[in-house]
Amino acid sequence: MYKEPAESKAVPPLDVTELLACLVRQSEPFLDQLGVRRNVCEKIVESLCSKSKNQLLHPLSSGESSVLDSENINDELDLRIASVLQSTGHSYDGGFWTDHAKNDPSDQKRHVAIVTTASLPWMTGTAVNPLFRAAYLAESAKQNVTLLVPWLCKSDQELVYPSDVTFTSPEEQETYIRNWLEERVGFKADFKISFYPGKFSKERRSIIPAGDTSQFIPSKDADIAILEEPEHLNWYHHGKRWTDKFNHVVGVVHTNYLEYIKREKNGALQAFFVKHINNWVTRAYCDKVLRLSAATQDLPRSVICNVHGVNPKFLRIGEKVAADRELGQETFSKGAYFLGKMVWAKGYRELIDLLAKHKNNLDGFKLDVYGNGEDANEVQSTAKSLDLNLNFLKGRDHADDSLHGYKVFINPSVSDVLCTATAEALAMGKFVVCANHPSNEFFRSFPNCLTYETPEDFVAKVKEAMESDPKPLTPEQRYNLSWEAATQRFMEYSDLDKVLNKDNNGAKSSVGNGKKISKSVSVPSLTGMVDGGLAFAHYCLTGNEFLRLCTGAIPGTRDYDKQHCKDLHLLPPHVENPIYGW
């Protein structure tokens, strides 16, 4: 490409401080493994850049002073490097790990694939929240949306799904999912539902993908991927690298795995290894990671933002409660309750400890507890042996009519990342008494959320809630709890709005002296090489069945089995992926 000599001379070469700043920034993965945190690296880069000459990052506009801050320093440095590369005519075609066979979205409607680890009728957060996300992303009609959920064989369905609900075909389960959704959102959601093979792990109480999950999104639709629980999806992922197949990959962290693991035998040691594995897989497979709260592990390229809303049904219940109060009707005829899966880690240990310690201070206080779970018998027997005033009832939907009359929701759990039941209770206009914990940070701005620091403070907050009336939610507070607001936050913090609206050339630009400078996404990067190396190493390790079993994988999950082939109409793995490429 021909370049004017004057143009080349107008861009000075990178000086030593710029080169050092670039090296430090690109070495973040390596430095992170040595214990040097990301914020330290950012301060070093900022310090190096601040010591440069006035024209350091604005060589094309020397008449203007350079304004450096931690928010734009990376973009400014990238544009500086891009201007030097452009002035030399250098073109970078990719590195050792890069796959260039990605889908080109320039001439078609964008496509978003949401991949999650659970599905209805299992009423868990990773089944419900991705479903609502798909519905509200599809509602804008600006992009096509596919929701990819696990398909379980009948033997696993019987272990996972409640009330003996099972399905003989994916089509039957899809109908169930759509009917459940439309009853709650009030509109017909136009998105596609697909299935990938999964198996249920009794030990982990979760669904593990079988085979290469990415292959169930056709290459023509492989544009933007949203991985719900990216660490979970990729622990044993043996297949195409997500960031190679998709143009932009966003991970959404739902679960505080380290908190659960620490409660198990040898928990501290297990948590140490899982922490580094989570760092490994998210760095290798995601471009951006969203953490619902600070209660989750600090992962590479992560930001904290609550991108979940509440089922619209709960907001309608709250509006009805507010309307009844204005008419002078009694809205809350019952006292306090707790609702959640009956396993110790879901707050039952904390609840029983608090009530046992302050049984005398809460004399006459009665709590109704709704839930089913593996620890139900043990939880109930412990409460009975301590003579606690707890009334145990079977679990039910939080929107059930029998729960509308309660005034106070008690939630002492500190293992949650962002408790859906807490958001639902606030949406219904109830008081919520919960711990002052990072998982509850989003809710603290609501006046009906009463947080406690100590066991004594817990008693005080319970008494305050029982003796007063909750305040009606303002329109702004109701909106902040809605899925419309959550979708808007998701678009902003995941950079999805930028990705969907950017120019077809995939470049970020800046203007100097009337000249447009592009920051190419293909500038060679040490970070990219490290991430590619991590992905390749992970692929090699997860391909070994012995190593998979040593790390807790379900036997035979590197590929899907014959029953999955039959249910999902798939070719056998040895035909789909022949060993020698025949």
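For the single chain, residues carry numbers from 1 onward in sequence order.
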Taking the basic N atoms (NZ, or NE/NH1/NH2) and the acidic carboxylate oxygens, is any pair closer than 4.0 Å for [X] and [Y]?
X	Y	value
D416	K346	yes
R444	E441	yes
E228	R133	yes
D353	K357	no

Distance (rounded to the nearest 0.5 Å) between [X] [atom1] and [Y] [atom2]:
X	Y	atom1	atom2	result
L152	T166	CG	OG1	11.5 Å
I410	E350	CD1	CD	14.0 Å
R291	T296	CZ	OG1	3.5 Å
L159	R205	CG	CZ	13.0 Å
N436	K461	CG	NZ	9.5 Å
D567	S169	CG	OG	9.0 Å

If you measure only the distance, is there a donor-acceptor pair under 3.5 Å linking the side chains of [X] and [Y]?
X	Y	value
T282	E231	no
R548	T542	no
D400	S402	yes

With ring centroids as reference points, do [X] and [Y] lie under 6.0 angstrom apart?
X	Y	result
Y452	F458	yes
Y257	W235	yes
Y337	H398	yes

Indicate yes or no: at least one non-hydrogen side-chain atom of [X] is less than 4.5 angstrom from one of [Y].
X	Y	result
V369	L393	no
L388	I352	yes
I114	V145	yes
Q270	K262	no
L418	F443	yes
L500	Q143	yes
F392	Y370	no
I217	F246	yes

Around atom [atom1] of [X], are there more than 12 heavy atoms of other residues, nucleotides or ligands at under 6.0 Å?
X	atom1	result
F272	CZ	no
Y493	OH	no
Q488	CD	no
K359	NZ	yes
K334	NZ	yes
D190	CG	no
K313	NZ	yes
Q329	CD	yes

*Assess whether side chain to side chain donor-acceptor pair (under 3.5 Å) is satisfied between D368 and Y406, documenting all intermediate values.*
CA-CA 10 Å; D368 291 339; Y406 286 100; 2.5 Å; yes
_Verdict with reasoning, N256 to S415, per side chain to side chain donor-acceptor pair (under 3.5 Å)_ = CA-CA 7 Å; N256 189 355; S415 64; over 6 Å; no
*What do the steps show when you test I207 against T117 for side chain to side chain contact (heavy atoms under 4.5 Å, CB included), and what is the final call?*
CA-CA 6 Å; I207 297 172; T117 57; 5.6 Å; no
_Before you tell me yes or no, could you show the steps for E374 and M342 under side chain to side chain contact (heavy atoms under 4.5 Å, CB included), namely the whole-Å CA-CA distance, both residues' side-chain angles and the distance that decides it to 0.1 Å?_
CA-CA 7 Å; E374 295 86 345; M342 204 169 290; over 6 Å; no
If every non-hydrogen atom of [X] is compared with every non-hydrogen atom of [Y], which pair is closest and at what distance?
X	Y	answer
P150	T116	CD-O, 3.7 Å
F442	S445	O-OG, 3.5 Å
V281	N234	CG1-O, 3.6 Å
V253	L292	O-CG, 3.4 Å
T126	P130	O-CG, 3.2 Å
K341	G373	CG-CA, 4.5 Å

_Using ring pair (Phe, Tyr, Trp, His ring centres under 6.0 Å), reason through H308 and H254 one step at a time and then give a plain yes or no._
CA-CA 10 Å; H308 287 174; H254 290 246; 4.9 Å; yes
*Within the distance-only criterion (no hydrogens, no angle test), does the side chain of Q477 pair as donor or acceptor with the backbone N or O of T474 below 3.5 angstrom?*
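Yes, the answer is positive, given that a donor and an acceptor are paired below the 3.5 Å cut-off.
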_K407 side chain vs M466 backbone, donor-acceptor pair below 3.5 Å_ =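 Here the side-chain-to-backbone pair exists.
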_Set out, in order, the CA-CA distance, both residues' side-chain angles and the distance that settles side chain to side chain donor-acceptor pair (under 3.5 Å) for T146 and H111, then state yes or no._
CA-CA 8 Å; T146 296; H111 193 107; 2.8 Å; yes
*Evaluate the criterion side chain to side chain donor-acceptor pair (under 3.5 Å) for residue pair Y176 and E171; output intermediate values, then yes/no.*
CA-CA 9 Å; Y176 178 96; E171 293 77 16; over 6 Å; no
*Check F132, W483, Y136 against F187 for a ring pair (Phe, Tyr, Trp, His ring centres under 6.0 Å) and give me the one that passes.*
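Per the ring pair (Phe, Tyr, Trp, His ring centres under 6.0 Å) rule, the option paired with F187 is Y136, out of F132, W483, Y136.
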*Derivation and outcome, side chain to side chain contact (heavy atoms under 4.5 Å, CB included), residues Y236 and I208*: CA-CA 8 Å; Y236 304 109; I208 303 297; 4.0 Å; yes
_R325 to F332 six-membered ring, cation-pi geometry met (6.0 Å, 45°)_ =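 Here R325 fails the 6.0 Å and 45° test against F332.
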_salt bridge (Lys or Arg N to Asp or Glu O under 4.0 Å) between R178 and E174, intermediate numbers included_ = CA-CA 6 Å; R178 290 193 183 279; E174 179 179 349; 3.0 Å; yes
_Candidate pair L450 and E464, rule side chain to side chain contact (heavy atoms under 4.5 Å, CB included), full reasoning_ = CA-CA 9 Å; L450 307 178; E464 178 185 345; 4.0 Å; yes
